[in-house]
Amino acid sequence: MVQAGSKKSPISKINSKAGISSLIIFVVLLLAWIAGFASRLFAVIRFESIIHEFDPWFNYRATAYMVKHGFYNFLNWFDERAWYPLGRIVGGTVYPGLMLTSGSIHYILHLLHINVHIRDICVFLAPVFSGLTAISTYFLTKELWSAGAGLFAACFIAIVPGYISRSVAGSYDNEGIAIFALQFTYFLWIKSVKTGSVFWAVAASLSYFYMVSAWGGYVFIINLIPLHVFVLLLMGRYSNRLFTSYTTFYILGLIFSMQIPLVGFQPIRTSEHMAAAGVFALMFAVGILRYLQNMMTKSEFKSLVIFGGLASAGVVFLAVVILTYAGYVAPWSGRFYSLWDTGYAKIHIPIIASVSEHQPTTWFSFFFDLHVLVATFPAGLWYVIKNINDERVFVVLYALSAVYFAGVMVRLMLTLTPVVCILSGIAFSGLLELFLREDDVYHNEDSEEEEHSTPSKRLYDKLPKEAKSKLKSGKSVGNVKTPTPQVVGRVQKMKHEQSKESDGIGPNIRSVVTVVILLLLMLFAVHCTWVTSNAYSSPSIVLASYGSDGSRQILDDFREAYFWLSQNTDDDARVMSCFSNSCCIRVGLRLSNSRNGRNRTTLVDNNTWNNSHIALVGKAMSSNETAAYEIMTALDVDYVLVIFGGVIGYSGDDINKFLWMVRIAEGEHPKDIRESDYFTEHGEFRVDSEGSPTLLNCLMYKLSYYRFGELKLDYRTPAGFDRTRNAVIGNKDFQLTYLEEAYTTEHWLVRVYRVKKPDEFNRPRIPVANRVVKSPSFVSKKSTKRKKGFHKE
Amino acid sequence: MKAIKCGLIILFFTLLQNVHGQQRRQGYTMAERVQQLTDMTNKRAVLRFNANKFRDFVKSSPRNYSVVIMFTAMAPQRQCQVCRHASDEFTIVANSFRYSQSYSNKLFFAVVDFDEGSDVFQMLRLNTAPVFIHFPPKGKPKNADTMDIQRIGFAAETIAKWIVERTDIQIRVFRPPNYSGTFALVILFGIVAAFLYLRRNNLEFLYNKTMWGMGSLFFCFAMTSGQMWNHIRGPPFIHKNQNGQIAYIHGSSQGQFVFETYIVMVLNAAIVLGMILLTEAARGKGDPKKRKIFAVVGLLLLSIFFSLLLSVFRTKTQGYPYSFLFK
């Protein structure tokens, strides 16, 4: 693990070598950018250039609004179609960084008379930013370790599935640009810690400002950086550089972050931000002590530290507790709390627990998203710890905290991915630097091999070459402050020794090792492509099924249904669809609109904050038809849309997710909905004739299985056989009173029902006792004379 | 709930107590009964009922209060472990109610022990314990008035929820804080502090990078092998199917067994070890033979264990096309 090459070569050589090495760096980064961009385009090429899911669609709509009406109008925009019937004050409830970014790109391109539709910018924003992420990862890794490791890390992050999952073309979401902001902030922070200059600290806080404007995950930064500082203090690595950079960063970052409407006063009022403030105070305390140390005797100083330290710690602690109780400082919010107490969400907040992104992570997902990196990044971590210095403490803390969070929530795999790429880059570059160093024979072998490989592979094979040339050039890529004399000594010795007995291991082993490593990296590249193509590139409105011969069939039911809706319903029709835990239907109907330019109001979209509202829809879905009709009229619903997978065996349909709706409804309406009613006596959830009567008569069941009892799928199974749940449904012959079937798609995947108006259905018989004749108490005040009425002129 | 193993089979010859012989105390009016119950509740949150009291306060009408009764068998010779847990939870609910804002004389908590009121068990045809039954002010307990502990368990929160369903009385469960965790933590800190103090002259080991490195690597392995998932979901250790075959690896990508995660952890660790050995071999000094062996061992570790990991992964993914060395 070479960190500082010695500058021995003559100046003239440096110029040419440095030129070559920077050319190589440039080319590799460019290729990484192109490869990253290209591998994110599967969905666009296979289908069309559309925005994928619900959240991205909302972001797109907001962006379009901003482009059309300007930024200030956007901040004041009240969107009455979202979160119907409440409406949404968009300016105060979004992180505007995303919209501003694409809006300004749009603006600049139009200044240059490149007329690009804002939708295309939105679709391609995340892939473009993935290239920027790769570059900032390169710079960060270069600061931390070496340029070679940086190139590895950049190439890894360009194609790693853990990051692609959130940044494919068409997923226009905050994470896409936030990871770039995250990496860039970290880079600037490391830079400022290393130099201690106010310039870099200000740059870091500006980048932090961008991050705050882009994603709620900024909390991760504002806790990780203070943690870094704190650990450095504990390790006795306090320095004036650290003091300058942290105090500058914190104050400016605090003020900047409060400029975002959604964040507002949170940075000084919530517990999530208190650690940063505490470290800020601590920094000053340590600074003062350092200063006093010069002026006092040793014993005086010792007692001052002990008493002063204890007293101030007590005061600070009491102050925080009192402020929390008095309500000035909000306690941890549920989402954050569930990160620490892992059982918390399951008990207290079903809506958070229900979202599939908030589940804990299996080893399978780790491997799926990171492949060889997950197995090798600990090696990088090992070497980082072995050669620790100020800024490497940061990457260690980053790795440890991120790996913990990723273990708790699948979704936070996204924050783990960059650091895994950095550390794996360090491990691989360290290995290859040593194994490729020998002489030019192996180098040429490698480059010959490269030329037969695919472009994405070629990208990787460039790296060893680069690493090598970097070594040759002897460019100093190490740190300004080299950690300890021992390390330097070791490195030098190694170089020296290496040149003397260069065949210590023997050329055969060296080449075998190199080939195996390259094979691993190749496997990684094909794995990434496979995962991207198969798992992360379906626009979630198109289902693909694979036949036995591997052919791909596309089930286009969703788009069929959306198209029908956009053609056949009024412009302001309100469609109730169930919210979805994963990503399927919260897409809502908005999807079709990105093409057709028409809007449907979806009743419940991804508004996980407004629990009662979702609970009401859940209640409607889980009550019987009559009760549901009341709710639906109250909510003014025109259409109901359900996803039904019983015909094709699609397991993500509404019946399978139904229990979450019941649970959420039960949370708000415990009297009307009881989860136990939906189970059989043995506690099973069954849809066949043994299922509980409540389930067999609830709206969701009826809408899913309406007319399904007549359908015979094939000769082996009886009529009404549900392929998803492998059961013959229990309630076959029923009619709908209050709704009528409006449309069912080809594979029955989407079923749309129209809610009848009160005069359209035969009202069910009202028991005699309940019949009320309209009150006879009303007596017309009109006298017979005036009854005729007249027209006043 | 796998609970209630200690289903008490009640023998249907109960001693005909002197119940019938005893004079029926008809005397209490409703107000008196409520007064008595309130007095008793003031002494202890969960009332102990025997057969007589049960008749007086629960079976008699009219009532304007609900009674939630836990039927249990706490006597040591019954060997009912579950009853003890259930009783703890029940007491928590009762205490929470007793000291809460919403405390009223509309709801009382009581317990009937089998050894004190076996004829009550007989009367209600209960032959298991524990059972939670809610006796509403009017009418007899319906089906839903018996809490389904098989399905929902008997945690204090679920009991409270069930009570809300049955009686509309909201009880916010307040668990007496569990000090054992805090206590253990304090002791741990104390030990660490004492250790540091004793070795205050020789704190070198704190700067031992190998130790810190090992610790962090172990943490990473634990997390990436899904131990957190195990902690939250509590999967079985291994799976035994009907034929007696043992599956170590969960078939689908959604789940995992505890043993499986250990395998993965070992595989990951072996790969990392291989990487480190390779690097050390290439950079190390010392005699070339040793380094050669190191390099070969490292290479083997890296390639073999990675391909094993890949093949485990392959078995869990449908249609995954790639493999390395082994299928």
Side-chain angles (χ1 to χ4, degrees), chain A residues 1 342-343 346-347 359-368 372 374-379 381-383 385-386 388 396 399-400 403-404 406-408 427 430-431 434-435 493-494 497-498 501 503-506 509-510 512-513 516 519-520 523 526-527 530 534 546 550 670-671 674 676 679 683, chain B residues 144 148 150-152 157 161 164-165 168 209-210 212-213 216-217 219-229 231-233 253-256 260-261 264 267-269 271-272 275-276 278-279 281-283 285 288 291-292 295-296 298-299 302-303 306 309-310 313 316-317 319-322 324:
Chain A
M1 322 307 294
T342 46
K346 203 163 66 179
I347 303 169
Q359 305 300 324
T361 317
T362 57
W363 78 266
F364 181 88
S365 337
F366 275 107
F367 194 84
F368 190 75
V372 73
V374 77
T376 52
F377 87 95
L381 186 64
W382 172 261
Y383 283 110
I385 291 179
K386 276 292 192 178
I388 202 92
V396 172
L400 292 182
V403 81
Y404 172 78
V408 178
L431 203 57
L434 291 167
F435 276 91
K493 206 182 288 168
M494 187 179 71
E497 164 223 70
Q498 206 268 332
E501 35 168 355
D503 47 359
I505 296 182
I509 294 180
R510 276 180 191 272
V512 170
V513 168
V516 168
L519 276 177
L520 286 187
L523 269 178
V526 290
H527 172 89
W530 186 83
N534 285 286
Y546 293 89
K671 272 179 233 165
R674 225 165 287 118
S676 51
F679 289 106
Chain B
D148 187 0
Q150 296 276 7
R151 201 173 59 74
I152 59 175
E157 287 79 11
K161 206 168 141 198
V164 175
E165 277 175 23
D168 289 339
K209 285 174 191 159
T210 315
W212 287 108
S216 339
L217 288 205
F219 183 74
C220 287
F221 292 139
M223 282 301 154
T224 52
S225 62
Q227 300 302 324
M228 187 47 89
W229 197 88
H231 170 72
I232 295 176
R233 294 291 173 80
S253 58
Q254 308 291 324
Q256 60 186 14
E260 179 185 350
T261 61
V264 171
L267 291 179
N268 276 337
I271 294 167
V272 169
M275 288 284 276
I276 293 176
L278 271 179
T279 318
R283 71 132 66 124
K285 32 194 187 291
R291 286 171 51 197
K292 254 181 203 170
V296 171
L299 182 65
L302 178 65
S303 47
F306 182 71
L309 186 62
L310 198 61
F313 175 77
K316 298 186 72 150
T317 333
Y320 186 72
Y322 308 115
F324 187 55

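For the numbers below, each heavy atom of this structure counts, side chains included, while hydrogens, waters and symmetry mates do not. We name chains A, B, ... by the order of the sequence lines, and we start the count at 1 in each one.
Looking at B/Phe221, only its side chain comes within 4.5 Å of chain A, counting heavy atoms on both sides. Of the two parts of B/Leu267, neither the backbone nor the side chain holds a non-hydrogen atom closer than 4.5 Å to a non-hydrogen atom of chain A. If you measure heavy-atom distances from B/Gln254 to chain A, the contacts under 4.5 Å come from the backbone alone. Both the backbone and the side chain of A/Thr362 come within less than 4.5 Å of a heavy atom in chain B. Only the side chain of B/Leu299 comes within contact range of chain A, judged by heavy atoms closer than 4.5 Å.
Shortest non-hydrogen contact noted between A/Leu523 and B/Phe306 is CD1-CE2, 4.2 Å. Contact record, B/Gly319 with A/Trp530: O-CZ2, 3.3 Å, taken as the closest heavy-atom pair. Considering all non-hydrogen atoms of both residues, B/Thr224 and A/Phe366 come closest at O-CD1, 3.5 Å. The shortest heavy-atom contact between B/Phe219 and A/Leu400 is CE2-O, 3.4 Å. For A/His527 against B/Tyr320, the heavy-atom pair with the smallest separation is ND1-OH, 2.5 Å. For the residue pair A/Ala427 and B/Met275, the shortest heavy atom distance occurs at CB-CE, 3.8 Å.
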| task | Report the C-alpha separation of A/Val396 and B/Trp212 in whole Å, then their side-chain angles, then the decisive distance to 0.1 Å, and conclude whether the side-chain contact (heavy atoms from CB on, under 4.5 Å) test is met. | result | CA-CA 11 Å; A/Val396 172; B/Trp212 287 108; over 6 Å; no

| side-chain contact (heavy atoms from CB on, under 4.5 Å) between A/Ile388 and B/Lys209, worked out | CA-CA 8 Å; A/Ile388 202 92; B/Lys209 285 174 191 159; 3.7 Å; yes

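Using cut-offs of 30° and 60° on the angle between ring planes, the pair A/Phe368 and B/Phe313 is tilted.
Chain A forms the most heavy-atom pairs under 4.5 Å with one residue out of B/Gln256, B/Lys161, B/Lys316, and that residue is B/Gln256. Your options are A/Ala399, A/Ala406, A/Gly407, A/Ser365, and the one with the most heavy-atom pairs under 4.5 Å with chain B is A/Gly407.
Two residues are said to be in side-chain contact when any heavy atoms from C-beta on lie closer than 4.5 Å; B/Asn268 and A/Pro378 fail this criterion. Contact check for B/Lys292 versus A/Ile509: side-chain heavy atoms found under the 4.5 Å cut-off. With contacts defined as side-chain heavy-atom distances shorter than 4.5 Å, the pair A/Phe364/B/Thr317 qualifies. With a 4.5 Å cut-off on side-chain heavy atoms, B/Thr210 and A/Lys386 count as touching. Taking the side chain as every heavy atom from C-beta outward, B/Thr279 and A/Phe435 never approach each other to under 4.5 Å. Using a 4.5 Å cut-off on side-chain heavy atoms (C-beta onward), B/Trp229 and A/Trp363 make no contact. Proximity of A/Thr376 to B/Val272: side-chain heavy atoms (C-beta onward) are nowhere separated by under 4.5 Å. Contact of the B/Val264 side chain with the A/Phe367 side chain is not registered, since no non-hydrogen atoms from C-beta on lie closer than 4.5 Å.
Here A/Leu520 contributes atom CG and B/Phe324 contributes atom CZ; the two are 5.0 Å apart, rounded to the nearest 0.5 Å.
Residues meeting the side chain to side chain contact (heavy atoms under 4.5 Å, CB included) test with B/Val164, sequence neighbours left out: B/Gln170.
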